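Numbering starts at 1 and runs along the sequence shown. If you're wondering where the values come from, they're calculated on a predicted model, not measured in any experiment.
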Amino acid sequence: MAKVKVRLYGVIRLKTGMSVFETEAETLNELQKRIPGVTPKEAKDLIVLVNGEKAGRRYQLKTGDEIVLMSPAGGG
């Protein structure tokens, strides 16, 4: 398991009430299940960056990776 830092932005930040947390996970897919107060369905729609670059859900996390999770832009 990799120990990673997760930063939250947008609506997801408001929903969780936190801007950053640390956790352990092997993949981004697994990480989605560890976001406090967020269902896997909600997590599926988030924009994900690993160390500043877009990454697929099966990306193998490494200790020290910094993950950014953002809610997609919306509006009307």
Which heavy atom in M1 sits nearest to a heavy atom in T63, and how many Å separate them? O-OG1, 4.2 Å
Just grab all the salt bridge (charged side-chain N to carboxylate O under 4.0 Å, His left out) pairs involving residues 52-65, residues at least two apart or on different chains. none
I need the minimum non-hydrogen distance between I47 and P72, along with the two atoms involved. CD1-CA, 3.9 Å
Working to the nearest 0.5 Å, report the span between CD of Q60 and CG of N29. 10.5 Å
Residue pairs, two or more places apart or on separate chains, that pass salt bridge (charged side-chain N to carboxylate O under 4.0 Å, His left out) and touch residues 1-29: K3-E22, R7-E66, K15-E42
Apart from L46 itself, what residues make up its hydrophobic cluster, given side-chain heavy atom links below 4.5 Å? V4, V6, L8, I12, M18, F21, L28, L31, I35, V38, V48, V50, Y59, L61, I67, L69
Output for pair (E30 CD, T23 OG1), nearest 0.5 Å, gives 8.0 Å
Looking at every heavy atom in both G10 and S71, which two are closest together, and how far apart are they? C-OG, 4.1 Å
